[in-house]
Amino acid sequence: TAELTDVERAIETVINQFHCYAVKGQKEYLTPNEMQELVVQKLPHLGKCVGPLDEKIECMGDPDEAKLEFGEYWDMMGDAAKGCRRK
(Lines give C-alpha, C1' and ligand atoms only; values in the text may rest on other atoms or scores of the structure.)
Protein backbone atom coordinates (compact mmCIF):
# COMPACT_ATOMS: atom_id res chain seq x y z
CA THR A 1 0.00 0.00 0.00
CA ALA A 2 1.13 3.53 -0.73
CA GLU A 3 2.03 5.86 2.12
CA LEU A 4 -0.60 8.46 2.94
CA THR A 5 0.08 12.11 2.23
CA ASP A 6 0.11 14.66 5.06
CA VAL A 7 -3.40 15.77 4.10
CA GLU A 8 -4.69 12.19 4.01
CA ARG A 9 -3.17 11.51 7.44
CA ALA A 10 -4.80 14.69 8.79
CA ILE A 11 -8.21 13.60 7.47
CA GLU A 12 -7.68 10.12 8.88
CA THR A 13 -6.87 11.67 12.29
CA VAL A 14 -10.06 13.77 12.27
CA ILE A 15 -12.10 10.66 11.43
CA ASN A 16 -10.34 8.52 14.05
CA GLN A 17 -10.90 11.09 16.79
CA PHE A 18 -14.64 11.05 16.13
CA HIS A 19 -14.70 7.26 16.41
CA CYS A 20 -12.47 7.30 19.49
CA TYR A 21 -14.91 9.52 21.38
CA ALA A 22 -18.06 7.91 19.91
CA VAL A 23 -16.77 4.44 20.77
CA LYS A 24 -17.11 5.13 24.48
CA GLY A 25 -20.76 4.21 24.07
CA GLN A 26 -20.20 2.08 20.95
CA LYS A 27 -22.30 4.40 18.86
CA GLU A 28 -22.07 6.44 15.67
CA TYR A 29 -22.61 9.87 17.19
CA LEU A 30 -21.26 12.20 19.88
CA THR A 31 -23.26 13.90 22.60
CA PRO A 32 -22.58 17.60 23.19
CA ASN A 33 -20.62 16.64 26.31
CA GLU A 34 -18.46 14.22 24.32
CA MET A 35 -17.89 16.82 21.62
CA GLN A 36 -16.90 19.39 24.24
CA GLU A 37 -14.49 16.86 25.78
CA LEU A 38 -12.95 16.21 22.36
CA VAL A 39 -12.54 19.95 21.72
CA VAL A 40 -10.95 20.57 25.13
CA GLN A 41 -8.59 17.59 24.96
CA LYS A 42 -7.71 17.42 21.27
CA LEU A 43 -8.27 20.96 19.98
CA PRO A 44 -7.18 23.24 22.82
CA HIS A 45 -5.73 25.88 20.48
CA LEU A 46 -8.35 25.62 17.75
CA GLY A 47 -11.17 25.70 20.29
CA LYS A 48 -9.87 28.96 21.78
CA CYS A 49 -9.83 30.85 18.49
CA VAL A 50 -13.34 29.88 17.43
CA GLY A 51 -16.21 31.19 19.56
CA PRO A 52 -18.94 29.81 17.28
CA LEU A 53 -17.74 26.24 17.95
CA ASP A 54 -18.73 26.53 21.61
CA GLU A 55 -21.99 28.19 20.59
CA LYS A 56 -22.78 25.36 18.17
CA ILE A 57 -22.14 22.77 20.87
CA GLU A 58 -24.40 24.65 23.29
CA CYS A 59 -27.15 24.86 20.63
CA MET A 60 -27.16 21.09 20.16
CA GLY A 61 -29.52 20.64 23.09
CA ASP A 62 -29.35 18.37 26.13
CA PRO A 63 -25.62 17.78 26.81
CA ASP A 64 -26.14 14.08 27.54
CA GLU A 65 -28.90 13.25 25.06
CA ALA A 66 -28.45 15.24 21.84
CA LYS A 67 -26.70 13.45 18.98
CA LEU A 68 -24.00 14.85 16.71
CA GLU A 69 -23.56 12.49 13.78
CA PHE A 70 -20.35 12.30 11.76
CA GLY A 71 -21.46 14.68 8.98
CA GLU A 72 -22.31 17.37 11.53
CA TYR A 73 -19.01 16.77 13.33
CA TRP A 74 -17.13 17.09 10.03
CA ASP A 75 -18.94 20.37 9.29
CA MET A 76 -18.04 21.70 12.75
CA MET A 77 -14.38 20.79 12.25
CA GLY A 78 -14.42 22.60 8.91
CA ASP A 79 -16.07 25.67 10.43
CA ALA A 80 -13.50 25.68 13.23
CA ALA A 81 -10.62 25.48 10.76
CA LYS A 82 -12.11 28.25 8.62
CA GLY A 83 -12.58 30.45 11.69
CA CYS A 84 -8.94 30.10 12.70
CA ARG A 85 -7.76 30.63 9.14
CA ARG A 86 -9.57 33.99 9.01
CA LYS A 87 -7.89 35.27 12.18
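Along the sequence shown, residues are numbered consecutively beginning with 1.
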Test side chain to side chain contact (heavy atoms under 4.5 Å, CB included) applied to Met60 and Thr31, step by step: CA-CA 9 Å; Met60 288 173 58; Thr31 65; over 6 Å; no
Could you report the tightest heavy-atom contact between [X] and [Y], atom names first, then the distance?
X     : Y     : answer
Val14 : Trp74 : CG1-CZ3, 3.7 Å
Pro32 : Ala66 : CD-O, 3.4 Å
Glu8  : Glu3  : OE1-O, 4.4 Å

side-chain hydrogen bond (donor to acceptor under 3.5 Å, both in side chains) involving Asp6 - partner list, sequence neighbours excluded: Arg9
Within-4.5 Å side-chain heavy-atom neighbours: [X] and [Y]:
X     : Y     : value
Leu38 : Phe18 : no
Leu30 : Phe70 : no
Met76 : Val39 : no
Met35 : Tyr21 : no

Salt bridge (charged side-chain N to carboxylate O under 4.0 Å, His left out): pairs with one or both residues in residues 67-78, sequence neighbours excluded: none
Any residue meeting side-chain contact (heavy atoms from CB on, under 4.5 Å) with Val40, in chain and number order, not counting sequence neighbours: Gln36
Same apolar cluster: Ile11 and Leu43, side chain cutoff 4.5 Å: yes
Flag for Glu34-Tyr29: side-chain donor and acceptor within less than 3.5 Å: no
